Amino acid sequence: MPTQEAKPISKQILAAARLEHVHYAIRDLAVVADELVAQGHKILYLNIGDPLQFDFPTPPHMIEAVHKAMREGRNGYAPSLGIKEATDAIGRDAERKGIANIQSVFVTLGASEAVEICLGALLNRGENALTPLPEYPLYSAVLNKLEAEVNPYALNEANGWQPDLADMERRVNERTRAIVLINPNNPTGAVYSRRTLEAIAELARRHGLVIFADEIYDKLILDEATPHESIAALAPDVPCITFGGLSKNYLVPGWRVGWGIASGPKEPIAPFLGGVHQLLRARLCAGHPQQYAIAPALEGPQDHLPVVRAKLSRRRDLTAEWARSTPHVSLVAPQGAFYAFPKLDIPQDDKTFVTDLLRTKHVLLVHGSGFGQAPGTRHARIVFLPDEPTLSAAYSAMADFIRERYR
Ligand code: PLP
């Protein structure tokens, strides 16, 4: 056969149009930061919620558990819903938090995959989920991918960033299927009160909605006065998926170990859960050896947690002190996780603010508009994971920047 010369492909291969609204602002400025690093500058990174970049080592017994599983040959596929030792331990941990009526527990590649699977199993094209504004952008990314709609409800800064219940109520329509609740919250660090949670459960009950409760930071509570409560524990009669994982509480985000806990009335949620299980089977399984760390993490020594919380509350206090003493800045002090979302009283948009701050002072934050925010307001998200000397250096540079620029 005569050989035909291969023609170079000239037509552009376009990405699917539905990706148009998929954004992940947290890494937007990474390119500028890389340029500055190439020029020899040292960047103070206050942008990414990865404790392993800082002084938060993984508990050694968890590493040993995974290592042992690998040595013992647990390197093949795992069951689609996860290994029994792990799902049992997750179920017991949920029960200790008061979650009853548990219908299914499943292990996923990070909480991110649980979110993707559960939203995918529930929402048809054109249906919507109530999502917080500001929000952790995973939710709108997944909803856009599904060609479902983002239906944002306000978090009220004037009320400690608690969800605005009246706004939630107003936004429910005939195509609303679910409420997303992130508690403790990223990016605000707020922890929701029992009253707020009960009111949200009541809203879900009244409108027949599923609650997606993202509680990935539930053991990182910075004030004893505001204990974390799981909404699923307050509303055993409401269909609820509680998302959790090892990434943050147990300091292994790179292992990609997360989970979903489905609770609520058995019969009504069975078809939806059937869909969740179908999608879990279709992607085979989560990483296998890492799952052997779940029971040791949840039920073994917890001594890292008070150490982590003590460091984080000192760093939160430093952040709040910076906000108090810096003009044009105000902050609702975070009560959980490791994020602060100060309001900036400035004439420019916040993306310009963070870009200029990065270029001139080499401090990297994420602009508030990357998370969405109330119209006309400006914010920046700070990750206060770095140690105190690093944070102090960053805050002093940020205060100088603000004073120089805005007087
Ligand atoms: N949910 C929230 C609110 C987060 O902030 C994050 C990560 O930053 C995730 C989920 C993702 O968690 P995972 O690493 O388990 O996928």
Side-chain angles (χ1 to χ4, degrees), residues 23-28 30 45-54 56 58 62 82 86 90 93 105-120 129-143 150 152 155 161 163 178-192 211-221 228 230-231 241-261 280 283 286-287 290-291 293-294 297-298 308 312 334-341 365-366 370-372 381-385:
H23 303 292
Y24 198 74
I26 294 168
R27 295 186 187 231
D28 269 5
Y45 291 94
L46 273 59
N47 64 323
I48 290 196
D50 181 355
L52 273 289
Q53 308 286 330
F54 306 99
F56 297 96
T58 303
M62 290 170 54
I90 296 164
D93 195 56
V105 173
F106 43 89
V107 181
T108 49
L109 284 166
S112 304
E113 193 196 28
V115 168
E116 175 136 22
I117 285 178
C118 293
L119 264 59
L130 291 177
T131 56
L133 186 86
E135 73 143 356
Y136 174 63
L138 170 68
Y139 290 90
S140 51
V142 170
L143 289 167
V150 178
L155 301 179
W161 287 120
I179 300 177
V180 173
L181 205 69
I182 304 176
N183 176 35
N185 191 266
N186 177 5
T188 69
V191 176
Y192 298 158
I211 294 178
F212 290 126
D214 184 332
E215 300 184 355
I216 187 101
Y217 299 99
D218 68 340
K219 296 183 202 277
L220 303 182
I221 301 299
H228 181 265
S230 287
I231 189 164
I241 309 271
T242 304
F243 300 119
L246 297 185
S247 293
K248 314 288 181 169
N249 293 338
Y250 292 95
L251 307 170
V252 283
W255 286 4
R256 312 307 301 125
V257 178
W259 53 76
I261 302 157
L280 286 165
R283 66 33 149 162
Q290 297 94 306
Q291 296 188 39
I294 295 176
L298 296 176
V308 169
L312 289 180
Q335 300 164 305
F338 33 70
Y339 306 105
F341 202 60
L365 309 180
V366 184
F371 301 89
R381 189 191 71 168
I382 295 174
V383 174
F384 54 83
L385 285 168

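Heads up: numbering here begins at 1 and tracks the sequence. Just so it is clear, the structure is predicted and the values come from calculations on it, not from any experiment. Note: hydrogens, waters and symmetry copies are ignored here, and every other heavy atom, side chains too, is used. Just follow the structure's listing: the first ligand is 1, and inside any ligand the first atom is 1.
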Of all residues at least two apart in sequence or in a different chain, which pass the side chain to side chain contact (heavy atoms under 4.5 Å, CB included) check with Phe56?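 Partners of Phe56 under the side chain to side chain contact (heavy atoms under 4.5 Å, CB included) test: Pro51, Phe54, Leu251, Val308, Lys311, Leu312, Arg315, Leu385.
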Give a yes or no on whether the backbone of Thr108 and the side-chain of Glu113 come within a donor-acceptor separation of less than 3.5 Å.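 Checked: no pair found.
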Between Tyr139 and Phe212, ring centroids under 6.0 Å: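 No, the ring of Tyr139 stays outside the 6.0 Å limit from the ring of Phe212, centre to centre.
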Once ring-ring contact (aromatic ring centres under 6.0 Å, His included) is applied, do any residues pair with Phe341, and if so which ones, sequence neighbours excluded?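 Checked Phe341 against ring-ring contact (aromatic ring centres under 6.0 Å, His included); matches are Trp161, Phe371, His379.
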My understanding is that only residues two or more places apart in sequence, or in another chain, count here; which of them pass ring-ring contact (aromatic ring centres under 6.0 Å, His included) with Tyr250?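 With neighbours one apart ignored, the set is His304.
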Let me know which of Ile182, Val115, Thr131, Leu119 forms a side chain to side chain contact (heavy atoms under 4.5 Å, CB included) with Leu138.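 Between Leu138 and the candidates, side chain to side chain contact (heavy atoms under 4.5 Å, CB included) is satisfied uniquely by Val115.
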Contact table ligand 1 N or O to protein N or O, d under 3.5 Å:
residue, atom, partner, partner atom, Å
ligand 1, 1 (N), Asp214, OD1, 3.4
ligand 1, 1 (N), Asp214, OD2, 2.6
ligand 1, 5 (O), Asn186, ND2, 2.8
ligand 1, 5 (O), Tyr217, OH, 2.6
ligand 1, 8 (O), Tyr217, OH, 3.3
ligand 1, 8 (O), Lys248, NZ, 2.9
ligand 1, 14 (O), Ser247, OG, 2.8
ligand 1, 14 (O), Arg256, NH1, 2.8
ligand 1, 15 (O), Ala111, N, 2.7
ligand 1, 15 (O), Ser247, OG, 3.2
ligand 1, 16 (O), Ala111, N, 3.2
ligand 1, 16 (O), Ser112, N, 3.0
ligand 1, 16 (O), Ser112, OG, 2.5
ligand 1, 16 (O), Arg256, NH2, 2.7

